[in-house]
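So that the names make sense, note that chain A is the first sequence line, chain B the second, and so on, each numbered from 1. Hydrogens, waters and symmetry mates play no part in the numbers below; they use all other heavy atoms, side chains included.
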Number of protein chains: 2
Amino acid sequence: MKDWLPAIDSHRQTLAYKKGETIFEEGMPVKGIYFLNRGKVKIYRKWGHQKQLILHFAKEGDIIGYRGLANESIYPVSAMALEPSTLCFVDTVFFETTLRVNNELTYKLMQFYSNELQYAERRMRNLAHMDVKGRVAETLLMLKKDFGENKEGIINITLTKQDLASFAGTTYETFFRMINEMAKQKIVRLSGKEIAVLKARKLKELSTMK
Amino acid sequence: MKDWLPAIDSHRQTLAYKKGETIFEEGMPVKGIYFLNRGKVKIYRKWGHQKQLILHFAKEGDIIGYRGLANESIYPVSAMALEPSTLCFVDTVFFETTLRVNNELTYKLMQFYSNELQYAERRMRNLAHMDVKGRVAETLLMLKKDFGENKEGIINITLTKQDLASFAGTTYETFFRMINEMAKQKIVRLSGKEIAVLKARKLKELSTMK
DNA sequence: TTAAAAATATGATTTATATCATACTTTTGC
DNA sequence: GCAAAAGTATGATATAAATCATATTTTTAA
């Protein structure tokens with residue numbers, strides 16, 4: 001992913017966001033693409049005013065806003081900083097010009113989209129058929145894989161239970177019950193917002209079709 | 001979509017499939033990409049042996065198997081002909097070589113993926129938050145938009161109720177009840193496998209968040 | 001530093017939707 | 001042309017998960 005940064009290195013503009021600040025919102029016109037230098041960001045789609053489905057948690061090095069590079073020039077998703085974050089912004093016109101002349105970059109981005117599409121469609125299938133406990137299990141495995149864990153085995157991302165639930169595609173209450181049950185069975189260890197996976201094998205099992 | 005056909009016109013190979021025949025299956029190694037010349041194809045992800053989520057119905061002119069063009073060289077989805085279909089096949093190596101030299105084609109394909117991703121993520125959100133009646137309503141609107149309707153207003157695709165249910169992300173029984181209810185309310189007209197949308201406005205309303 | 005807001009925790013209740021059961025009809029393959 | 005398989009149709013029942021209610025704790029911002 002980092003490989004394409006040099007190509008647009010010149011035209012960048014650095015922006016800082018506080019925790020809870022919105023970077024862009026679905027329905028807003030696309031102005032450019034963002035690269036996350038520092039911090040963590042959630043990408044989500046809203047449903048009504050209260051509900052949302054979190055599609056992705058972005059970390060340092062990730063690009064954000066690429067979903068807007070389609071025909072529609074409107075963001076199909078929203079992005080909010082989960083901690084103080086620094087992003088560099090490249091306006092669409094320049095980015096697209098770069099893509100037009102840099103075939104390698106375009107090819108990489110295309111492959112990247114292809115992977116994202118695979119991931120989205122797998123999750124779609126899971127939302128349709130996997131039970132909530134399975135989705136909670138998968139959520140934890142995904143976070144562990146994407147963000148890693150420290151020496152104590154604690155996953156390197158701090159999230160509210162509500163955000164975890166919105167990522168798993170369920171309600172806060174149900175998520176809480178599920179993860180609590182897993183804690184009782186010593187599959188995970190919880191302490192405040194810290195989560196450690198103790199039995200990855202068991203989680204894998206829970207997220208496998210029965 | 002048709003615009004990129006000429007670029008690979010030479011290396012093609014024509015294949016015919018009967019109704020119900022599998023074109024490729026998830027987990028199989030990717031050999032190439034397909035262009036649907038004639039017929040209709042369902043693209044789906046399996047869950048266990050009985051269940052599936054249909055991601056997309058492809059029609060004449062559509063490309064199929066593009067999801068395999070990521071890092072993994074394994075099809076993440078399956079494809080099955082819904083009626084006698086003719087496809088033209090282009091092997092991955094040649095297609096990728098073409099992409100490497102044809103920036104315009106790569107750019108178009110990238111945009112195409114971006115659109116697909118938007119679509120997938122919107123459906124993801126719907127599976128998480130929209131009720132089944134809403135999803136059934138949206139399913140019908142989408143089919144009407146994608147396949148059009150004849151003079152009598154009948155949608156130009158013939159599907160089993162089971163496939164319709166698998167596309168809406170529900171069971172056959174629930175789908176049946178929902179669409180039946182819509183027929184009683186004169187929102188749609190049913191006759192065998194024929195479906196006509198009578199009140200698109202009402203369907204739109206049902207698929208809007210409450 | 002303190003009041004307000006957000007997040008956590010958990011029991012009780014409701015509801016949407018899946019599952020099960022069964023009969024009938026249409027389609028398909030030999 | 002006919003038997004088997006696939007699809008359609010519907011009622012009854014089960015259940016997973018959402019919703020509601022409420023108390024406590026933690027975090028945030030003035």
Side-chain angles (χ1 to χ4, degrees), chain A residues 18-21 42 47-54 80-84 126-137 139 158-184 188 190-195 206-207 209-210, chain B residues 17-21 42 47-54 80-84 126-137 139 157-184 188 190-195 206-207 209-210:
Chain A
K18 282 179 249 168
K19 180 175 176 178
E21 273 191 307
K42 69 170 172 180
W47 180 255
H49 293 290
Q50 311 297 321
K51 295 181 185 175
Q52 56 185 51
L53 179 72
I54 294 176
M80 179 185 281
L82 292 170
E83 38 183 88
N126 293 351
L127 282 166
H129 293 304
M130 191 184 280
D131 63 16
V132 174
K133 191 179 284 182
R135 297 206 304 271
V136 168
T139 290
T158 303
L159 295 166
T160 64
K161 302 272 183 293
Q162 178 58 70
D163 275 349
L164 285 162
S166 297
F167 189 50
T170 184
T171 57
Y172 163 77
E173 292 95 322
T174 301
F175 181 88
F176 177 79
R177 281 177 243 274
M178 296 294 175
I179 203 168
N180 222 9
E181 194 184 324
M182 289 174 185
K184 275 190 193 119
V188 300
L190 302 175
S191 167
K193 288 201 172 60
E194 294 178 346
I195 303 176
L206 285 171
S207 69
M209 41 197 175
K210 290 135 207 129
Chain B
Y17 292 88
K18 282 179 251 168
K19 181 176 176 176
E21 273 192 307
K42 69 170 172 181
W47 180 255
H49 293 291
Q50 310 298 322
K51 294 180 187 178
Q52 55 184 52
L53 179 72
I54 295 176
M80 178 184 282
L82 292 171
E83 38 183 89
N126 293 351
L127 281 166
H129 293 304
M130 193 185 277
D131 63 17
V132 175
K133 189 178 286 182
R135 298 206 302 273
V136 168
T139 291
I157 186 172
T158 304
L159 295 165
T160 65
K161 301 274 184 292
Q162 178 58 70
D163 275 349
L164 284 163
S166 297
F167 188 49
T170 185
T171 57
Y172 163 77
E173 292 95 323
T174 300
F175 181 89
F176 177 79
R177 282 177 242 273
M178 297 293 175
I179 203 169
N180 222 7
E181 195 183 323
M182 288 174 187
K184 276 189 193 120
V188 299
L190 303 174
S191 167
K193 288 202 172 60
E194 295 178 346
I195 303 175
L206 285 171
S207 70
M209 39 197 178
K210 291 132 207 134

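Phosphate contact (OP1/OP2 of D/dA6, side-chain N/O of B/Thr160, threshold under 4.0 Å): absent. The side chain of B/Asn180 places an N or O atom within less than 4.0 Å of a non-bridging phosphate oxygen (OP1 or OP2) of D/dT10. When the side-chain nitrogen and oxygen atoms of A/Lys19 are compared with OP1 and OP2 of D/dT28, one or more of them lie within a distance under 4.0 Å. Residue B/Lys161 places no side-chain N or O under 4.0 Å from the OP1 or OP2 atom of C/dT25. One finds a side-chain N or O of B/Thr174 lying less than 4.0 angstrom from the OP1 or OP2 phosphate oxygen of C/dA18. Taking only side-chain nitrogens and oxygens, A/Thr171 comes nearer than 4.0 Å to OP1 or OP2 of D/dA18.
For the pair B/Tyr172 OH and D/dT10 P, the interatomic distance rounds to 8 Å; values are reported in whole Å. Taking atom NZ of residue A/Lys193 and atom P of nucleotide D/dT25, one finds them 15 Å apart after rounding to whole Å. Counting to the nearest Å, the C1' atom of D/dT19 and the CZ atom of A/Phe175 are 19 Å from each other. In this structure, B/Glu194 atom CD and D/dG7 atom P are separated by 18 Å, rounded to whole Å. As rounded to whole Å, 18 Å separates atom C1' of C/dT8 from atom CE of A/Met178. Rounded to an integer number of Å, the gap from B/Glu21 CD to C/dG29 P is 10 Å. For the pair A/His129 NE2 and D/dA16 C1', the computed distance is 16 Å after rounding to whole Å. One atom, CZ of A/Phe176, and another, P of C/dA9, lie 4 Å apart when rounded to the nearest Å.
Within the model, atoms CD of B/Gln162 and OH of B/Tyr172 stand 8.5 Å from one another, a figure rounded to the nearest 0.5 Å. Note that the CZ atom of B/Arg135 and the OG1 atom of B/Thr174 stand 9.5 Å from one another [nearest 0.5 Å].
In terms of polar N and O atoms assigned as donor or acceptor, the side chain of B/Arg177 never comes within less than 3.5 Å of the base of D/dT8 in a complementary pairing.
Checked against C/dT17, C/dC20, D/dA17, the side chain of A/Val132 finds its nearest nucleotide in D/dA17. The side chain of A/Thr170 has D/dA18 as its nearest neighbour among C/dT17, D/dT19, D/dA18.
DNA chain C is contacted by both A/Gly192 and A/Ala128; A/Gly192 maps to the nucleotide lying nearer its 5′ end (nearest heavy atom per residue).
The heavy-atom pair separating A/Trp47 from B/Met130 by the smallest distance is CH2-CE, 3.6 Å. Looking at every heavy atom in both residues, B/Leu159 comes nearest to B/Lys193 through O-CD, 3.5 Å. Taking all atoms of both residues into account, the shortest heavy-atom contact from A/Leu53 to A/Gly169 is CD1-CA, 3.8 Å.
Counting non-hydrogen atoms under 4.0 angstrom, A/Lys133 reaches nothing in the nucleic acid.
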